[in-house]
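First comes the structure, then the notes that go with it.
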Amino acid sequence: MTENNNNLQHIAIIMDGNGRWAKRRGLPRAAGHKKGAETVKEITRAAGDLGIKYLTLYAFSTENWQRSKEEVDTLMGLLREYLKSNLDELKENNVKIRFIGERDMLDKDIVDSMDKLEAETAANDALTLCIALSYGSRQEIVGAVRKVAALAKRGDISVNDIDIRMFSDMLYTKDIPDPDLLIRTSGEQRVSNYLLWQLAYTEFYFTDTFWPDFNKKELETIIQNFNSRERRYGKV
Ligand code: FPP
């Protein structure tokens with residue numbers, strides 16, 4: 001197994017480049033998303049094999065709702081298929097699934113499938129696969145502020161009780177450690193409203209590979225690169 005001497009527990013990924021992958025091949029964007037969904041399965045298996053404890057994937061951002069209806073429908077269709085056909089494999093591989101994001105925006109059958117997958121994999125303890133769906137980090141932070149403000153207003157907490165730990169527990173990612181490594185594919189170097197609070201001390205890695213072409217071998221190369229870095233968390 002790839003050496004893990006830098007305490008790599010949690011990898012977060014911005015899966016980018018599905019559209020360009022398809023365009024290069026003269027295919028519709030949907031073909032890129034379809035291949036990208038296969039890569040999700042491959043990389044989930046790879047992360048488990050490599051002993052990673054948490055993998056967080058950005059499947060659909062709050063901003064993605066603004067894409068054409070056709071593309072949103074394609075992405076929701078792939079998600080539906082993934083949610084409805086993937087339970088056996090997740091169970092077989094002892095994967096626990098979590099979803100982060102605004103559930104209100106999603107169709108009821110999708111939310112029902114998410115609830116079912118979360119419930120049926122809750123006791124698994126190899127890899128935790130966290131899927132960001134209808135997720136926006138600023139929205140998440142504002143939601144947390146609202147929860148804290150409501151507690152203070154009710155008198156359940158005093159303003160001085162508010163600290164980093166408490167605030168973290170108000171986020172969707174409660175109980176999930178912060179990512180150690182963020183990977184973004186397709187050559188873009190942006191955070192795009194992803195895990196803004198949680199990425200405070202995360203190492204970043206950008207690769208030109210389009211998400212549909214991303215694979216276990218490249219993941220291992222990136223892990224080796226991560227292991228060679230010195231993490232100081234602001235200290236000398
Ligand atoms: C970015 O490519 C990718 C997305 C917006 C969605 C990611 C979705 C998947 C990988 C498939 C479905 C997911 C699951 C969990 C089954 P882009 O369309 O922005 O590509 P571009 O920048 O090249 O246009």
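Note that ligands are numbered from 1 as they come in the structure, with each ligand's atoms numbered from 1 the same way.
Applying the salt bridge (charged side-chain N to carboxylate O under 4.0 Å, His left out) criterion to Arg29, with sequence neighbours excluded, gives Glu71. When the ring pair (Phe, Tyr, Trp, His ring centres under 6.0 Å) test is applied to Tyr135, the partners found at least two apart in sequence or on another chain are Tyr58.
Ordered by chain and residue number, the residues placing a heavy atom less than 4.0 Å from ligand 1 are Met15, Asp16, Gly17, Asn18, Gly19, Arg20, Arg29, His33, Gly36, Ala37, Ala59, Asn64, Arg67, Glu71, Leu75, Leu79, Tyr82, Trp211.
For residues 111-121, the set of pairs meeting the salt bridge (charged side-chain N to carboxylate O under 4.0 Å, His left out) definition, not counting sequence neighbours, comprises Lys91-Glu120, Arg103-Asp115, Arg103-Glu118, Lys108-Asp112.
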### Message
Run the salt bridge (charged side-chain N to carboxylate O under 4.0 Å, His left out) test on Arg154 and Asp156 for me, step by step, so that the C-alpha distance in whole Å, both residues' side-chain angles and the decisive distance to 0.1 Å come before the verdict.
### Response
CA-CA 5 Å; Arg154 278 210 310 264; Asp156 292 347; 2.8 Å; yes

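Taking the six-membered ring where tryptophan is involved, the planes of Trp197 and Phe167 are tilted, since the angle between them lies from 30° to 60°.
Ionic pairing of Asp73 and Lys69 is present here: one or more N-O contacts between side-chain nitrogen and carboxylate oxygen are shorter than 4.0 angstrom.
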